[in-house]
Amino acid sequence: MQADETDAVTAPQDVARRQETRARPDLSRRIAWLHLPHFAMERWQRHLHRMGEARPEDLPQALATEGQHGRVIHAVNRAAGQAGVVVGARAADMRALCPTLQLDYADIGGDRVALDRLVLWARRWCPWTAAGAVSAAGAGIVMDTTGSAHLWGDEAGLLREVEGRLSGLGLSAELAIAPTTGAAWALARFGAVRETCAGGDLAARIAPLPVRALRLDPATLTLLRRLGLSTVGDLAAVPRLSLARRFARADLAANPLLRLDQMTGHLAEPVSAPDDPPRFAVQALLSEPVQDPVPHIPDLCAALAQDLAAPGYGARRVILTIYRSDGEVSAVEAATSQPTRDPRHLARLFDGRLDRLDPGFGFDLITLAAPAAEKMTTVQARLDGRPDAGPDLARLVDLLSARFGADRLRRPTLRESHVPERREVWAPAMAGDPRPPEPARTQRPIRLFDPAQEVRVLYAVPEGPPALFVWNRVTHRVVRFAGPERIAPEWWSDRPGTRLRDYYRVEDEAGRRLWLYRDGLIGDGRGDAPRWFVHGVFG
Amino acid sequence: MSKSVIRLPRRAPDPAPPPTSPLPDAPTLSEVFATVATDGAAPGFVLAQVPRGAAPVLWVQDRLSLRETGRPYLAGLAPPPTLLCLTVNRAVDVLWAMEQGLACGDLAGVVGEVWGDPPALDFTATKRLAMRAETHGIPAWMLRRAGTAHLSAARARWRIASLPSTPDAYDAHAPGAARWRAELFRARHRAPGVWTAGLDAEGHGLHFAPQEDAAQAPVRAGATG
C-alpha cells in the first residue's frame, strides 16, 4: 500500500556483502516530498464545484472503488471521517454506520493524469520533479530541491510558498524536506508541520518515527509488530546481519533493511524526473507593423514543420496568434484530423480566415504554436510506390472543418432504431465504419425533414391519410397511398406522454411521393386532436 | 479446289447498338434542375448515380436547401453510400467546398445543392468545377432548385420531374416504383432528348426508356448554355 514507484530496485543478495564496506552516505541532497492526503476527494469536490453542484461541507461524502466483494471506500471527506467512515472498509458497512453517506465512484485513472499534470505545474520550483504513487492513502510529488531553495529565501520559505500555491488549487498538503527521499516521505507524514531536516540530524530525527514510515507493505508491518519492533530506531538497533539473513529474498516493499538504507542514504534513490513534453512554437518578430499577416504565414508554417520534424512529431492543433502594435491580441485556431507537418497543408488551414481581423495600426508580432502534437511515424502503406489513400481525405476534412467548423462536417451512419430520426446518427467525419444494421422492412424516404413539417388538412377522411392537404403553400390531392405503418415511441428514451405515429406513403396527382404521419390517435388521452406532418420525400 | 474455299461475308458485322443510357460515360459535372423545389425526383435521380462503396461522397448543402428540402436520409438508400455531409451558409461556400472536394483523390463523387440563382454561380464557376472534375476523374452533380438555367459550363444539364409511379402489383391503391421525366436539355456528349427514367431491378441504378412525346418536348433554345 505504501510502495513507491520511484524506488530503485536493488538485488537483495548484495545487502549482506555491502554491510562490511559501508561508506559514509551522501547526505548533501535536499529532497522535498509533497504529500497530498486528500487528493482524490479534493479533486472530486473541485469538479462538483465547477459543475455547479457543490455539496455542503458537513455532508458526509465518500468515493468508492469496485472491490472483490462489492464497493470499497477509497476516499472520505472530513464529515464522513468524523462519522466513522474509514478508508478501505466495505461501502455497505459504512452505509449502515452513516446512512446519510453520499457515495460516488472514484476516478483513479483521472487522478493519475491530474497528478502528472500537477507535476509539470510543480516544475516552477525546481526542474527535478516526479510523481509518486496514487493510492487510497493519497498522492505524492517528490522534488529534488538541491540548490533551488534559496530563490525563496530558505527552505522554510520554499515550503510556505508550495503550501500556499497548493491551497490555492484547493489541495491540502503535508510537506517535508530531508536529505533522502525515504526520510522526506516519512517526515511529511509523521514529522512536524513543514519540517526541514538537516543531514547531521537525520539519524536522530528518524529514530523515533514508527516503522510505518518505512514505506513497507502491510504484511511486513504486521511481522515487525509481532517482532516487537515499533520504531525505526528499534529496527536500526537490530544487528544488520540477522536482518539481512531474515529478509534476503524479500523485494523492496517487503524488505525493512533496504527501506532503512534508503532512508539513511546508504542506498541511493535518485529522483528520476520525466522529460518535459516538447513545446512547438515559432514567431515572426516584425521590424515594422504590417497590415496583412498573410505573406508571413508560409514561412512560419515551414519553421514550425521543421521544429516538428526533428523529434518526429506532427501537429494536431495549431494556433496563430497575431499581436497588434496597440496591444490587441487575436488568435485563429485550426485542428487537423491526423498529425501533420506538411507546411503547405498547415498554411492552407488559415486560407481566408484572416480576412476578418482588424489590422488597426498594424501587426508587429505573429506566433504560430502547436499546443497539441502527437508522435508521427513515417509509414509506407503500399509497395508499388503509388500514394496510399488516407492522407488526402484527412486533409480535405481538415480544410473543410477549419473553414466551416467541425460540427458542420459530419458523416451519417445507421443504427438500430425504428424511430426514423434516430435511425441515423451523426459521426465525426473521420470515424470508422460501424457494422451497418438490418435494412428496414418497408420503404423509407430518400430525404428526411428534421424536424418534421406540419401540414394543414383540408379534407380528412376517417381511415387513411387526409385526401387533401396544404404543405408549403401548395395543395396536394392524394390519389394513392400505402399504410399505415405504426411506429411506437421508444419508452426507454422518450418522455412519458410521447404519442405513437402512423406513417403513410402518399402520392399526389403530380406523382410526388411524400411520407406523412399522424402524431397520435384520436382519444389516446395524450393531447388534442392528432396533427399531420410530412417527415420525408421519396425519390 | 476453288469450290472448297469458304467465302467470307463481305459486310462487316452490325455495329454495336447505340447506348441506351444518355448519361455521360466519363466523370464530369452534371447539372440537375428540379422542376418543383420540394420534389424528391431530382435528388433521387442523383442518388441513383452516386457511387456506392467505401470511398465517401461529399454532399454539400446550403442552408436554404437544408431547410426547405431536408437532408439525404441514409435509411432510404440500399445499399447506403458513404456520405460526408457538409452544411454551409452561402452558395459561394458550396462552390468552394465542391472545388476542394474535386481536388481530393479519395472521394468517389461530389454533390452540391444550391437554392435559387446566386450571382456566384456563373459560367466561370461551373467551368472551374467541370474542368476539375474531368482532370481528377471525379463525378460531380450540381442540384439546382428554384433556379433558372442561365449560362453554364456543365457538360450535361438535366431537368427532372416526377411522373405517376408504376402500379403496385399487390395493392392497386399503393404507389409503386418511382418514374421520372428526365429531360436532357443540353449535353456535350450526345443530342438532347427526353426519357422516362426509373430505378433498375437492383434498385440503385438508372434505366431509361424513350418517352412517347419526346418529339414534342419543349426544348428551350435560349436557355442552353
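Letters A, B, ... mirror the listed sequences (proteins, then strands); counts begin at 1. Here the structure is a predicted model, which means the values were calculated and not measured.
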### Query
Taking every heavy-atom pair that is under 4.5 Å apart, which of R513(A), Q443(A), R423(A) has the most such pairs with chain B?
R513(A)

### Query
Is there side-chain contact between T413(A) and L74(B), with at least one heavy-atom pair below 4.5 Å?
no

### Task
Write down the atom of L396(A), the atom of L107(B), and the distance for their closest heavy-atom approach.
CD2-CD1, 3.6 Å

### Task
Measure A55(B) against the heavy atoms of chain A and call it side chain, backbone, both or neither at under 4.5 Å.
neither

### Query
Is a side-chain donor or acceptor of D392(A) paired with a backbone partner of G105(B) at a separation under 3.5 angstrom?
yes

### Query
Got a donor-acceptor contact below 3.5 angstrom from the Y73(B) side chain to the P420(A) backbone?
yes

### Flag for R348(A)-Q100(B): side-chain donor and acceptor within less than 3.5 Å
yes

### Candidate pair L400(A) and L58(B), rule side-chain contact (heavy atoms from CB on, under 4.5 Å), full reasoning
CA-CA 11 Å; L400(A) 297 178; L58(B) 181 67; 4.0 Å; yes

### Message
Has E507(A) got a side-chain atom pairing as donor or acceptor with A174(B)'s backbone, closer than 3.5 angstrom?
### Response
no

## Note on the structure
Those residues of residues 474-484 of chain A that come under 4.5 Å of chain B on a heavy-atom basis, listed by number, are R480(A), F481(A), A482(A)

### Summary
Turns out that what part of R408(A) lies under 4.5 Å from chain B's heavy atoms comes down to both

### Query
Mind checking whether V60(B) and F404(A) have side chains closer than 4.5 Å, heavy atoms only?
no

### Query
Could you walk me through whether R71(B) and F449(A) pass the side-chain contact (heavy atoms from CB on, under 4.5 Å) check?
CA-CA 7 Å; R71(B) 55 179 163 85; F449(A) 293 104; over 6 Å; no

### Task
Please flag which part of L47(B) lies under 4.5 Å from any non-hydrogen atom of chain A: side chain, backbone, both or neither.
side chain

### Query
Taking the side chain as C-beta and beyond, is there a heavy-atom pair between E68(B) and N472(A) under 4.5 Å?
yes

### Message
Contact between L409(A) and C85(B) at the side-chain level, heavy atoms closer than 4.5 Å - yes or no?
### Response
no

### Message
Between I446(A) and P72(B), is there a side-chain heavy-atom distance shorter than 4.5 Å?
### Response
no

### Query
chain A heavy atoms under 4.5 Å from P79(B): which part of the residue, side chain, backbone, both or neither?
neither

#### Entry: R447(A) and T69(B) side chains, donor-acceptor separation under 3.5 Å
yes

#### Entry: Side chain proximity check, R411(A) to L83(B), heavy atoms < 4.5 angstrom
no

